[in-house]
Amino acid sequence: MADVAALLAAYDDQIRPSEARDLPAGAHAEDDGPIVRVVGLYRGFISAPAELTLCGDELDALIARQRDFFARRGEAVEWKTRAHDRPEDLPDRLRRAGFVPEPAETVLIALAGPQAEQHVRSPAGVRIRLTDAPEDMRRITAMESEVWQEDWDWMADELIGRVQTGQFAVFVAEADGQVVSSAWLVFKSGTQFAGLWGGATLPAWRGRGIYRALVARRAELAAERGVRYLQVDASDDSRPILERLGFVAVTTTTPYVWDPR
């Protein structure tokens with residue numbers, strides 16, 4: 001796991017092409033030169049290779065074409081970048097086209113097997129379970145809205161749709177019947193990877209080991225399904241926890257978002 005270059009190469013070769021697969025009903029992918037755009041989610045998504053073959057005016061035209069495509073739909077769009085992407089001026093060109101950077105996250109990778117073998121127990125009074133129930137997705141969305149102080153009602157339908165693909169596993173953590181945390185495991189078909197997504201916890205329940213327990217539960221399921229690598233786009237809060245568990249940082253990722261509002 002110390003060979004960061006090999007891990008990054010596997011990430012680029014496997015994860016990036018998988019971003020437009022296993023989409024929920026109502027969403028689809030469209031090729032546009034070197035990039036793939038995903039249409040039909042709560043906001044559009046642009047997946048690009050680590051090295052774009054375009055530069056200068058051609059790259060500006062590609063960026064503008066994605067922005068204008070979603071502008072006609074009245075929708076926001078995210079162009080996901082990584083620190084090692086080329087050309088190096090891609091972020092500057094995205095900004096000039098009106099895309100705004102969201103907070104950067106660290107891409108971390110670990111072997112699923114050793115993570116699964118840790119067998120971390122749930123904290124006292126907390127029950128963690130796997131769910132595919134639509135009502136649970138709505139309860140999770142309400143918790144997420146409280147955590148982020150924003151209206152995340154859109155998430156319920158997206159979670160319901162993604163679970164139906166068979167490539168998306170949602171875990172919920174409850175205490176006294178209240179949803180206090182949640183997280184999901186995203187299987188990447190055609191790859192050796194699964195992604196750890198989500199991980200929001202109500203403020204009053206942080207620092208009790210729920211996040212670590214959710215990592216372990218997802219690792220166990222991933223190992224059962226034959227997954228080799230776990231990958232996380234980690235916030236600054238999550239990164240230290242994951243590194244203590246043995247995850248290795250390979251790059252950073254920054255979403256650039258254009259929003260018609």
Checklist line | Heavy-atom side-chain proximity of F99 to R93 below 4.5 angstrom | finding: no

Check: Which heavy-atom pair separates I109 from Y11 by the least distance, and what is that distance?
Finding: CD1-CB, 4.1 Å

Next item on the list: Give a yes or no on whether a salt bridge exists between E75 and R43, defined as a side-chain N under 4.0 angstrom from a carboxylate O.
Entry: no

Note to self: Taking atom CD as the centre, does E88 end up with more than 12 heavy-atom neighbours from other residues, nucleotides or ligands that are less than 6.0 angstrom away?
What the structure shows: no

Next item on the list: Classify the side-chain pair H28/E30 by whether it contains a donor and acceptor separated by less than 3.5 Å.
Entry: yes

Next item on the list: May I ask you to check whether over 12 heavy atoms, not counting those of R129, lie within 6.0 Å of atom CZ?
Entry: yes

Item checked: Closest contact, heavy atoms only, L130 versus A169 -> CD1-CB, 3.8 Å

Checklist line | Residues, nucleotides or ligands: over 12 heavy atoms within 6.0 Å of D13 CG | finding: yes

Notebook entry, point to check: So, S189 versus D22: side-chain donor-acceptor pair below 3.5 Å or not?
Noted result: yes

Checklist line | Short side-chain to backbone donor-acceptor contact, R208 and A204, under 3.5 Å | finding: yes

Check: Between CG of L111 and OH of Y229, what distance do you get to the nearest 0.5 Å?
Finding: 6.5 Å

Check: Mind checking whether F247 and Q115 have side chains closer than 4.5 Å, heavy atoms only?
Finding: yes

Item checked: T253 and K80 side chains, donor-acceptor separation under 3.5 Å -> yes

Next item on the list: Please determine if R95 and D89 form a salt bridge, counting it only when a charged side-chain N lies under 4.0 Å from a carboxylate O.
Entry: no

Check: Near D92 CG, under 6.0 Å, is it more than 12 heavy atoms from other residues, nucleotides or ligands?
Finding: yes

Notebook entry, point to check: If you take all heavy atoms of S145 and W152, which pair is closest and at what distance?
Noted result: OG-N, 3.0 Å

Margin query: Between R16 and E51, does any side-chain N to carboxylate O distance fall below 4.0 Å?
Written below: no

Next item on the list: Identify which one of Q178, E144, E174 satisfies the side chain to side chain donor-acceptor pair (under 3.5 Å) criterion when paired with R139.
Entry: E174

Next item on the list: For residues R73 and V39, determine if any side-chain heavy atom of one lies less than 4.5 Å from a side-chain heavy atom of the other.
Entry: yes

Item checked: Considering all heavy atoms, the nearest Q192-Q14 contact -> N-OE1, 2.7 Å

Margin query: Under the criterion salt bridge (charged side-chain N to carboxylate O under 4.0 Å, His left out), I'd like the reasoning laid out for E19 against R82: C-alpha separation, chi angles, the key distance, then a yes or no.
Written below: CA-CA 14 Å; E19 291 174 331; R82 283 79 170 184; 2.5 Å; yes

Next item on the list: Using modelled atom types only, decide if a donor and an acceptor are shared between the side chain of D157 and the backbone of W154 within a distance under 3.5 Å.
Entry: no

Checklist line | Shortest non-hydrogen separation from A234 to L242 and the atoms involved | finding: CB-CD1, 3.8 Å

Check: What heavy-atom pair brings P87 and L59 nearest, and what distance separates the two atoms?
Finding: CG-CD2, 3.7 Å

